[in-house]
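Throughout, a chain's letter reflects where its sequence line sits, starting with A, and its residues are numbered from 1. Note that this is a predicted model, so its numbers are computed, not measured.
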Amino acid sequence: MLWSKLFIPTLRENPAEAEVPSHQLLLRAGYIRQLSAGIYNYLFLAQRSLLKIQQIVREEMDAIGGQEMLLPALHPAEVWQESGRWDVMGDNLFKLKDRFQRDLCLGMTHEEVMTIIARGELRSYKQLPQIWYQIQTKFRDEPRPKSGLLRVRQFIMKDSYTFDMDQAGLDAAYDKHYQAYCKIFDRCGLEYTAVEAHSGAMGGSQSHEFMVASEAGEDFIAVCKGCGYSANLEKAVSKPSNPLTADIEGDLAPEEFHTPGRKTIAEVAQFTGLPESSQMKSLVLVADGKPVLVMLRGDHQLSEAKFGTLAGDPEFRPAHPHEIREWFGAEAGSLGPVGVKNMPIFADHALSGRRNMIAGANKDDHHLRHVTPGEDFQAEFRDLRVVAAGDLCAKCGGPLEIRKTVEIGHIFKLGYKYSDSMGLRVLSADGKEVTPIMGSYGIGIERILCAAIELYHDKDGMMLPASIAPFQVVVTPANNSDAAQMEAARHIYQGCRSLGLDALLDDRDERPGVKFKDADLIGVPFRIVIGKKLSSGMVEVVERKTRKTADVPVADAAAAVAQAFLPVSLAPVSPAPATEAR
RNA sequence: CGGGGCGUAGCGCAGCCUGGUAGCGCACCUGCCUUGGGCGCAGGGGGUCGGGCGUUCAAAUCGCCCCGCCCCGACCA
């Protein structure tokens, strides 16, 4: 294509509203323009790149037997009411009414619609398993869209759904997706980590998220370099670091002491001279309308996800001050487990085996020393804390690293939630009615592009992996008024095209600096520059990412670039010898 | 939904406090010049100052209300 005919509105400066690199570069490089908060126009370059990503996804989904469908974005309310999610999803679901005042919504996912198709048509075990997928726009009324295309209200998602006769079938479908996702993200050129994920209130049995490390992300994961353990922080387990001070030995009885005005763990630690790891943190939570006391080591944080799962109520809340006063007879800053009889007590594993710690006395401005879990109070020990920096791997004891990440994919063993509640039944081989088991698997298409930009950019612009860049090569004559250069550029451009390269000819009547800057910005992996060396028959091939340049005879230029793509196009696994002909 | 910030030419910003002819850089158009990293010179076009109401002889500027966007938090199948 001829750059002079294309709409690629690059910007010299960063728009003020963009903060994260991918957002800044997508705007500057002319990929996207905003229409409204969390709603973007995908211009020519973005669309090209997104189509390439979608094609990779499509090929790998097809390879595991997936069947692509196109489903409605507009759903009648009944569909969501039937599964109960019309209310559960709350304000995140875009709701609207038609001219007859019937309730409709814009689909944020397609479990219900897929299940309706399945229950209408699937009758026999002979028709299973099935893998159905779609690549299309989803809508979520995000409370706070942000970070460019990373958190938006309208986005493209690959969603697949599997239907199997039994758990073993689901396990196989899940595994197929896991493998396919690895291939997809490999082919997209991403460095990623698959982590164990929290399955949340959905009650699914297993779930993995595919994460790309980025400061622009919103999720944290814990990773062990030693044994490869990795998990979302919502789910990650660890061995706690050792307390900073060893416990006092001996069978001592709790002893009250005066702590005027000391309410926080830090204040009590300072007052007593014992570190936070020698304190106990008491949290009063209300789950399912009932109070629960949770005990943690002073320097640990409650994992809301873990507690929500344990309590069976993800909507739990901290107790109100008046409730705490009523139940404990003291303020939140002086609470402790000793003598508590009117509610269950859960204690984090990190308190197991500890002795003679400090806790609140349930009396304002007083604490207890010499409190020993299991002796001075009884509690159910559970994993309730968030993994902290410095914790050790629960499997191998190695150090755990905590990383900020962007979620690009999620695979999920749904179980029977939809098939059961929406009445999907088939007959088994022995004539019995069986409810198929389901899985659901998502990939955020735009997030792949964003993650690639977050991973691969420099001060000059994007350095997109060739497989998802909008073009593979740009041919740049340095001086348009030099007829020989233009002629050679056209010739090389045609050569690239005939070798099957996605090529762009920068025929704009601009100074070379402008063309170079723009080519760097939009992230095309290779550039062929036709300049002064043309007089000796040579042109320059430049690799965007490495800045490596090579002088090549005019006749060989296109082939030189085409050869660089051979490893990618022929063998997606790893670099192949560059000498193999195509 | 709570807290903060911003809204002036396509983009980035100044002007606002202290009311008095709406500015700068880039981009854009014309011409000349130049051609290996956003070149130079000259000329030119482009504005409901987010919207409404009010105060005033006079409002981009002061007051009230509304809208939009960004950031932090809450939220996030």
Contacts of R403(A) meeting side chain to side chain donor-acceptor pair (under 3.5 Å) (sequence neighbours excluded), chain-then-number -> E401(A)
So the ring-ring contact (aromatic ring centres under 6.0 Å, His included) pairs with at least one residue in residues 511-555 of chain A (sequence neighbours excluded) are F526(A)-F565(A)
Determine all donor-acceptor pairs shorter than 3.5 Å in which one atom belongs to a side chain in residues 447-454 of chain A; sequence neighbours excluded.
{"from": "R447(A)", "atom 1": "NE", "to": "L150(A)", "atom 2": "O", "distance (Å)": "3.0"}
{"from": "R447(A)", "atom 1": "NH1", "to": "E407(A)", "atom 2": "O", "distance (Å)": "3.0"}
{"from": "R447(A)", "atom 1": "NH2", "to": "L150(A)", "atom 2": "O", "distance (Å)": "2.9"}
{"from": "E454(A)", "atom 1": "OE1", "to": "S214(A)", "atom 2": "OG", "distance (Å)": "3.4"}
{"from": "E454(A)", "atom 1": "OE2", "to": "S22(A)", "atom 2": "N", "distance (Å)": "2.9"}
{"from": "E454(A)", "atom 1": "OE2", "to": "S22(A)", "atom 2": "OG", "distance (Å)": "2.8"}

task: Before accepting this row, confirm whether a basic side-chain N of the pair D288(A)/K290(A) lies closer than 4.0 Å to the acidic partner's carboxylate O.
output: no
Inset, instruction - Taking only Lys NZ, Arg NE, NH1 and NH2, and the carboxylate oxygens of Asp or Glu, determine whether E218(A) and K146(A) approach each other closer than 4.0 Å. - result: yes
**OP:** Looking at every strand, decide which applies to E19(A) at a 4.0 Å heavy-atom threshold: base, sugar-phosphate, or nothing.
**Re:** sugar-phosphate
Listing time: all N or O pairs from protein to nucleotides 5-15 of chain B that are below 3.5 Å?
{"from": "G12(B)", "atom 1": "OP1", "to": "A16(A)", "atom 2": "N", "distance (Å)": "2.9"}

Sorted by chain and residue number, the salt bridge (charged side-chain N to carboxylate O under 4.0 Å, His left out) partners of K306(A) (sequence neighbours excluded) come out as D383(A)
Candidate pair F185(A) and F210(A), rule ring pair (Phe, Tyr, Trp, His ring centres under 6.0 Å), full reasoning = CA-CA 9 Å; F185(A) 300 134; F210(A) 291 79; 5.5 Å; yes
Taking C69(B), G38(B), U35(B) as options, the one with an atom nearest any side-chain atom of S36(A) is C69(B)
With the side chain defined as heavy atoms from C-beta on, A37(A) is closest, among C69(B), G38(B), U35(B), to C69(B)
Whole-Å distance, K146(A) NZ to C1(B) P, equals 18 Å
Extract from the structure each pairing of a protein N or O with an N or O of nucleotides 47-49 of chain B at less than 3.5 Å, listing the distance.
none

